[in-house]
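Pasting in a structure now, in structure tokens, and then I'll have a few things to ask.
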Amino acid sequence: VAGSPVITEAGVIGQLTRVYPLSSEVTLLTDRDAAVPVLNPRSGSRSVAFGTASGESLELRFMAGNADVQVGDVLTTSGVDGVYPPGLAVAKVARVDRRADAGFARIVLTPSAPMDNLRHLLVLEPLTAQMPPRPDVPLLVKPAARSAPRASGAGRPGVPASGQELGR
């Protein structure tokens, strides 16, 4: 199923993008269009790991310059996106550049799993497929047929027509 997470024993590889009868296409985590919600188990902070233009690493964007992130921290999936189950290895913090003139730190990540020469992959069922269906929400007020808009506001919920009172 398109959207399914793809992993190896080392961690997350990416997500199925297209499925054909005899093959499938996977968008790697390191792709510049990829993003995965992550959790830093050491600090408990959540963020999003984005692929880079080079396609070789990931980065944490929009992290405050004083964020509790250290070189060597292992980031795992947070599970909040409904795609990846929580706790899968995603990346390790390789470099943290904190500049006084910038409000954000530049945090470079190395993927936990190698992205090349892969022979065996595991395709997981997305978490959204395991969720129960969304309940139907009953319509509280049936919309009245309108012939023309009224300047007085009559006909709108909570606004009585002239000479009428709202029943309570």
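Not measured: the values here are computed from a predicted model.
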Polar side-chain atom of Q15 near backbone of G3 as donor-acceptor pair, under 3.5 Å: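 Side chain of Q15 to backbone of G3, a donor-acceptor pair under 3.5 Å: yes, one is there.
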
T8 side chain to L121 backbone, donor-acceptor under 3.5 Å: no

Least distance between heavy atoms, F104 atom then A64 atom: CD2-N, 4.2 Å

Heavy-atom closest pair, residues A10 and A89: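 Between these two residues, the closest heavy atoms are O-CB, 3.7 Å.
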
Identified side-chain contact (heavy atoms from CB on, under 4.5 Å) counterpart of S78 within the set D81, L75, V80: V80

Heavy-atom check, side chain of D68 versus side chain of S45, under 4.5 Å: no

In one Ile/Leu/Val/Met/Phe/Trp/Tyr side-chain cluster, 4.5 Å: F50, V96: no

M63 vs S47 side-chain heavy atoms within contact, under 4.5 Å: yes

Student check: side-chain heavy atoms of H120 and E9 closer than 4.5 Å: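 Sidechains of E9 and H120: no contact.
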
Check: R98 side chain, A67 main-chain N or O, donor-acceptor pair, under 3.5 Å: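 Yes, the answer is positive, given that a donor and an acceptor are paired below the 3.5 Å cut-off.
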
Side chain to side chain contact (heavy atoms under 4.5 Å, CB included) between R61 and R106, worked out: CA-CA 7 Å; R61 296 182 191 159; R106 184 166 190 274; over 6 Å; no

Polar side-chain atom of S23 near backbone of Y20 as donor-acceptor pair, under 3.5 Å: no

S112 OG to I7 CD1 distance, which is reported to the nearest 0.5 Å: 12.0 Å

Closest approach of L109 to A91 (non-hydrogen atoms, all atoms of both residues): CB-CB, 3.8 Å

Steps toward side chain to side chain contact (heavy atoms under 4.5 Å, CB included) verdict (V6, L124): CA-CA 6 Å; V6 179; L124 303 177; over 6 Å; no

side-chain contact (heavy atoms from CB on, under 4.5 Å) partner of V123, chosen from V1, L16, V19: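 Among V1, L16, V19, the one meeting side-chain contact (heavy atoms from CB on, under 4.5 Å) with V123 is L16.
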
Side-chain (T77) to main-chain (G87) donor-acceptor, under 3.5 angstrom: yes

Shortest non-hydrogen contact from P111 toward S57: CD-CA, 4.4 Å

same_hphob_cluster(V48, V93) at 4.5 Å side-chain heavy-atom cutoff: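 No; tracing contacts between hydrophobic side chains, which count when under 4.5 Å, never links both residues.
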
Heavy-atom pair of closest approach, residues P114 and L118: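 That closest heavy-atom pairing would be O-CD2, 3.3 Å.
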
Pairs satisfying salt bridge (charged side-chain N to carboxylate O under 4.0 Å, His left out), at least one member in residues 43-58, at least two apart: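 Every candidate salt bridge (charged side-chain N to carboxylate O under 4.0 Å, His left out) pair involving residues 43-58 fails, so no pair, neighbours aside, qualifies.
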
Connected via hydrophobic side-chain network under 4.5 Å: V12 and V108: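 In one cluster: no.
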
Tabulate below the donor-acceptor pairs under 3.5 Å that side-chain atoms of residues 27-41 make, not counting sequence neighbours, or state none.
unit_1 : atom_1 : unit_2 : atom_2 : d
T27    : OG1    : T17    : OG1    : 2.3
T30    : OG1    : G55    : O      : 3.1
D31    : OD2    : D33    : N      : 2.9
N40    : OD1    : R42    : N      : 3.1
N40    : ND2    : D73    : OD2    : 2.8

V74-L60 co-clustered via ILVMFWY side chain contacts under 4.5 Å: no

